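Have a look at the structure below before the remarks.
The structure presented is a predicted model; accordingly, all values stated were derived computationally and were not measured.
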Amino acid sequence: MKPLFLPPDGRPRCAWCAAAPGDETYLRYHDEEWGRPVADDFRLFEKLCLEGFQSGLSWRTILNKREAFRAAFAGFDYNQVAKFGEKDANRLLANAGIVRHRGKIEAAIHNAGRCVELVAAEGSLAAYLWRFEPPKNSVAHNLATSAPSEALSKDLKKRGWKFVGPTTMHALIQAMGLINDHQPGCHHWAEAQKARDSFKRPGR
């Protein structure tokens with residue numbers, strides 16, 4: 001495991017924070033958002049889509065474009081995005097504020113339709129995703145994939161979703177707090193764990 005990152009405030013963070021040491025937005029994302037449990041369906045759909053857009057790119061790039069993504073994709077309201085057509089896809093391809101990759105844009109629109117179907121069948125995206133939560137401390141730190149991410153990827157693909165490979169899904173389960181993957185010794189590990197311990201799992 002890589003050494004912890006130590007910024008000027010003296011509070012050790014996960015090693016990946018060193019990728020953008022002077023970027024306050026990046027550090028704030030780690031401190032306040034990453035690894036904290038999420039139950040809101042629109043936020044979860046956003047995270048799922050953005051992890052797909054991040055494939056092959058840095059997370060810093062995606063994070064700095066997040067507000068533009070939100071505006072372009074109707075706040076990641078999958079009900080609205082599912083109604084996007086070819087005209088919308090072309091509009092998004094011309095939007096310099098987001099990642100202009102036709103395959104990823106079309107996958108996000110396609111997945112919105114699959115999300116509408118999933119919510120109708122399962123009650124909510126949150127209830128569905130939280131069913132893949134592994135037993136506490138059963139997933140090692142600093143992995144690219146894991147048993148729950150492989151299971152989630154397999155099930156979503158069976159349901160027709162795209163850009164949901166096991167590596168992308170592991171990044172999702174880290175980000176949404178399905179596991180606490182802050183490194184041991186990270187200043188925010190305990191805070192993330194406290195949030196997870198008090199979190200009411202949806203659908204239970």
Side-chain angles (χ1 to χ4, degrees), residues 33-55 59 62 66 69-92 98-99 101-136 138-139 143-181 192 195-204:
E33 194 172 338
W34 191 77
R36 306 298 176 98
V38 178
D40 179 87
D41 275 8
F42 293 166
R43 283 189 63 203
L44 288 169
F45 184 66
E46 173 187 296
K47 289 179 180 294
L48 199 153
C49 288
L50 292 184
E51 293 296 350
F53 274 103
Q54 188 269 334
S55 180
W59 179 247
I62 301 301
R66 183 162 64 168
F69 270 112
R70 287 171 172 170
F73 282 92
F76 288 97
D77 179 342
Y78 48 82
N79 298 294
Q80 294 189 49
V81 179
K83 298 175 184 177
F84 284 11
E86 185 176 352
K87 183 178 180 180
D88 296 291
N90 290 333
R91 168 180 59 82
L92 292 168
I98 67 171
V99 174
H101 183 290
R102 179 175 289 276
K104 293 178 180 180
I105 288 170
E106 291 180 345
I109 296 170
H110 170 84
N111 287 346
R114 304 294 73 73
C115 191
V116 171
E117 296 169 353
L118 186 150
V119 170
E122 306 294 341
S124 71
L125 178 59
Y128 168 79
L129 290 174
W130 278 94
R131 288 207 299 270
F132 290 86
E133 182 182 15
K136 187 175 181 180
S138 65
V139 176
L143 299 177
T145 64
S146 59
S149 80
E150 290 169 0
L152 175 58
S153 172
K154 182 178 180 180
D155 193 70
L156 286 175
K157 287 178 180 178
K158 190 184 299 183
R159 294 170 184 262
W161 292 59
K162 299 178 180 180
F163 275 88
V164 288
T167 300
T168 299
M169 290 302 95
H170 189 69
L172 171 69
I173 69 175
Q174 291 172 309
M176 66 172 281
L178 203 68
I179 59 175
N180 181 2
D181 210 26
R196 278 179 40 80
D197 289 343
S198 63
F199 179 68
K200 180 175 172 54
R201 273 61 174 168
R204 298 183 189 175

First locate atom [atom1] of [X], then atom [atom2] of [Y], and finally report the distance between them rounded to the nearest 0.5 Å.
X: K136; Y: D197; atom1: NZ; atom2: CG; result: 4.5 Å
X: T168; Y: L48; atom1: OG1; atom2: CG; result: 9.0 Å
X: L44; Y: L172; atom1: CG; atom2: CG; result: 7.0 Å
X: I62; Y: E51; atom1: CD1; atom2: CD; result: 9.0 Å
X: L92; Y: E106; atom1: CG; atom2: CD; result: 10.5 Å
X: I179; Y: L143; atom1: CD1; atom2: CG; result: 7.5 Å

Kindly write out the residues that satisfy side chain to side chain contact (heavy atoms under 4.5 Å, CB included) with S153, not counting sequence neighbours, or none if the list is empty. K157, P166, M169
Taking [X] for its side chain and [Y] for its backbone only, find out whether a donor-acceptor pair lies under 3.5 Å.
X: S149; Y: S146; answer: yes
X: K104; Y: S55; answer: yes
X: R43; Y: V38; answer: no
X: D155; Y: L152; answer: no

Any carboxylate oxygen within less than 4.0 angstrom of a Lys/Arg side-chain nitrogen, looking at [X] and [Y]?
X: E33; Y: K47; value: yes
X: R131; Y: E122; value: yes
X: R201; Y: E133; value: yes

Sub-6.0 Å ring centroid separation between F53 and W59: no
Pair F42 + F45: ring centers closer than 6.0 Å: no
Decide whether Y78 and N111 meet the rule of one side-chain donor and one side-chain acceptor closer than 3.5 Å. no
Residue that, paired with Y128, satisfies side chain to side chain contact (heavy atoms under 4.5 Å, CB included) out of L118, V119, D41: L118
Taking the side chain as everything from C-beta on, heavy atoms only, tell me whether [X] gets closer than 4.5 Å to [Y].
X: I98; Y: I105; answer: yes
X: C49; Y: F73; answer: no
X: L178; Y: F132; answer: yes

Closest heavy-atom pair and its distance - [X], [Y]:
X: A112; Y: A82; value: CB-N, 3.5 Å
X: F69; Y: V99; value: CZ-N, 3.5 Å
X: A192; Y: G35; value: CB-O, 4.0 Å
X: F163; Y: G103; value: CE1-O, 3.7 Å
X: A72; Y: F84; value: O-CE2, 3.8 Å
X: V81; Y: A108; value: CG1-O, 4.1 Å

Show your working on side chain to side chain contact (heavy atoms under 4.5 Å, CB included) between H110 and R114 and close with a plain yes or no. CA-CA 7 Å; H110 170 84; R114 304 294 73 73; 3.1 Å; yes
Show the numbers, then the answer: is there a salt bridge (Lys or Arg N to Asp or Glu O under 4.0 Å) between R66 and E46? CA-CA 9 Å; R66 183 162 64 168; E46 173 187 296; 3.8 Å; yes
Apply side-chain hydrogen bond (donor to acceptor under 3.5 Å, both in side chains) to residues T145 and H170 and explain how you reach the verdict. CA-CA 5 Å; T145 64; H170 189 69; over 6 Å; no
